[in-house]
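Because the structure is a prediction, the values reported are computed rather than measured.
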Amino acid sequence: MTEELKESLIKKPRLNQQIKAPEVRLIDAEGKQLGVVSSQEALAQAQAAGYDLVEMSPQAKPPVVRMVDWGKYQYEKTKQEQQARRKQKTHDMKQMRFGLKIGQHDLDVKLGQVRKFLERGHKVKLTVRFRGREIIHPELGDELLQTMVESLSDVAVVDQEPSLTGKQLNMVIRKK
């Protein structure tokens, strides 16, 4: 199927007897133009060849119609949509939360998990939560995020700079 045919069939096209124009420009199944004929004659030729008549360009003067095996086209279209969905990658946003007083070993474990997320192609939202009076020292949270970015600098880049939202400092990183 040509791209023109696919694009024109995205909208609900008129088929066979639904075509109301008195004269149409007929294109056969191989793409050859057969000229301007009456719509009854075009429909008779399409049915004789075993095809459906599909209005491709209703705005043209005269409208352009094409002989198409409609059932086969619908089947191919569904298969192409399934293939597109199968090949489509979904990148989820993963989140890793940290407290301001996290220990070095806990930080290393969480960074290992973040590294796995990044290798799988996910974006990762790093969140530092402030508890109680820790909120008066947001620079400590910023330092923690910067050390994390430095340790992940071989696989990640900053996608969204740190921003303070309520009692959380958030930053988004993605794979290089």
Side-chain angles (χ1 to χ4, degrees), residues 1-15 18 27 29 31 52 54-60 63-66 68-176:
M1 298 273 162
T2 62
E3 290 300 314
E4 176 189 343
L5 175 64
K6 290 177 187 173
E7 289 175 9
S8 64
L9 295 178
I10 291 173
K11 303 174 205 155
K12 293 258 183 177
R14 294 186 191 127
L15 296 172
Q18 296 174 344
I27 301 175
D52 293 307
V54 179
E55 191 174 43
M56 305 305 292
S57 180
Q59 293 82 15
V64 179
V65 295
R66 184 171 183 154
V68 174
D69 185 351
W70 186 249
K72 183 177 179 182
Y73 171 75
Q74 290 291 78
Y75 175 77
E76 289 174 358
K77 183 178 172 185
T78 2
K79 285 296 177 188
Q80 287 173 352
E81 288 172 356
Q82 288 173 353
Q83 283 287 355
R85 276 196 299 271
R86 206 173 296 140
K87 290 181 181 179
Q88 188 177 18
K89 266 191 172 176
T90 57
H91 294 288
D92 295 333
M93 172 82 75
K94 300 290 186 176
Q95 182 176 18
M96 191 59 64
R97 294 187 196 146
F98 302 86
L100 193 57
K101 299 177 187 173
I102 188 167
Q104 186 58 44
H105 177 70
D106 294 336
L107 184 63
D108 293 340
V109 169
K110 289 195 179 234
L111 286 176
Q113 190 65 39
V114 168
R115 193 174 294 270
K116 286 181 188 175
F117 289 152
L118 291 169
E119 288 169 358
R120 292 183 192 144
H122 301 290
K123 286 186 176 183
V124 181
K125 181 178 182 180
L126 303 174
T127 302
V128 177
R129 289 178 288 148
F130 296 101
R131 303 178 74 178
R133 293 184 53 102
E134 291 176 352
I135 194 68
I136 62 174
H137 296 290
E139 68 278 357
L140 297 177
D142 198 38
E143 287 175 19
L144 179 61
L145 287 177
Q146 292 309 319
T147 57
M148 293 165 62
V149 168
E150 288 169 11
S151 62
L152 293 169
S153 62
D154 57 328
V155 293
V157 293
V158 176
D159 196 37
Q160 180 182 337
E161 292 297 323
S163 63
L164 189 63
T165 311
K167 291 190 172 193
Q168 295 182 348
L169 187 62
N170 299 311
M171 170 190 267
V172 179
I173 58 174
R174 63 176 167 80
K175 189 175 181 181
K176 270 190 176 171

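For the pair E134 (side chain) and R131 (backbone), a donor-acceptor distance under 3.5 Å is present. A donor-acceptor pair is defined here as one N or O able to donate and one able to accept, closer than 3.5 Å; such a pair exists between the side chain of K110 and the backbone of R97.
Taking every heavy atom of both residues into account, M148 and S151 meet most closely at O-OG, 2.9 Å. Between D142 and P162, the closest heavy-atom pair is OD1-CG, 3.6 Å. Across all their heavy atoms, P63 and E55 have their closest contact at CB-OE2, 3.7 Å. Taking every heavy atom of both residues into account, P138 and L169 meet most closely at O-CD2, 4.2 Å.
Separating the CG atom in L100 from the CD atom in E143 is a distance of 9.5 Å, to the nearest 0.5 Å. With values rounded to the nearest 0.5 angstrom, D106 atom CG is found 14.0 Å from K101 atom NZ. Once rounded to the nearest 0.5 Å, the distance linking CG of L145 with CG of L140 reads 11.5 Å. Note that CZ of F117 is 14.5 Å distant from NZ of K125, once rounded to the nearest 0.5 Å. Note that NZ of K94 is 11.5 Å distant from CG of L118, once rounded to the nearest 0.5 Å. The OG1 atom of T127 lies 11.0 Å from the CE atom of M171; values are rounded to the nearest 0.5 Å.
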> Going through the checks in order, is the side chain to side chain contact (heavy atoms under 4.5 Å, CB included) test met by V128 and L126?
Replying inline: CA-CA 7 Å; V128 177; L126 303 174; over 6 Å; no
> Could you go step by step and tell me if K116 and H122 meet the side chain to side chain contact (heavy atoms under 4.5 Å, CB included) rule?
Replying inline: CA-CA 9 Å; K116 286 181 188 175; H122 301 290; over 6 Å; no
> Can Q80 and Q83 be said to form a side chain to side chain contact (heavy atoms under 4.5 Å, CB included), step by step?
Replying inline: CA-CA 5 Å; Q80 287 173 352; Q83 283 287 355; 5.6 Å; no
> Should V157 and R174 be marked as a side chain to side chain contact (heavy atoms under 4.5 Å, CB included) after you check the CA-CA gap, both sets of side-chain angles, and the distance that decides it?
Replying inline: CA-CA 6 Å; V157 293; R174 63 176 167 80; 3.6 Å; yes
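Around atom NZ of K176, more than 12 heavy atoms belonging to other residues, nucleotides or ligands sit under 6.0 Å away.
Electrostatic pairing of D154 and R115 counts as a salt bridge here, judged by a charged N lying under 4.0 Å from a carboxylate O.
Under the 4.5 Å side-chain criterion, counting only non-hydrogen atoms from C-beta, V114 is in contact with I173. With a 4.5 Å cut-off on side-chain heavy atoms, M56 and I27 do not count as touching.
No side-chain donor from either of N170 and S163 sits under 3.5 Å from a side-chain acceptor of the other.
Of the candidates D159, V124, V158, V172 forms a side-chain contact (heavy atoms from CB on, under 4.5 Å) with just one, namely D159.
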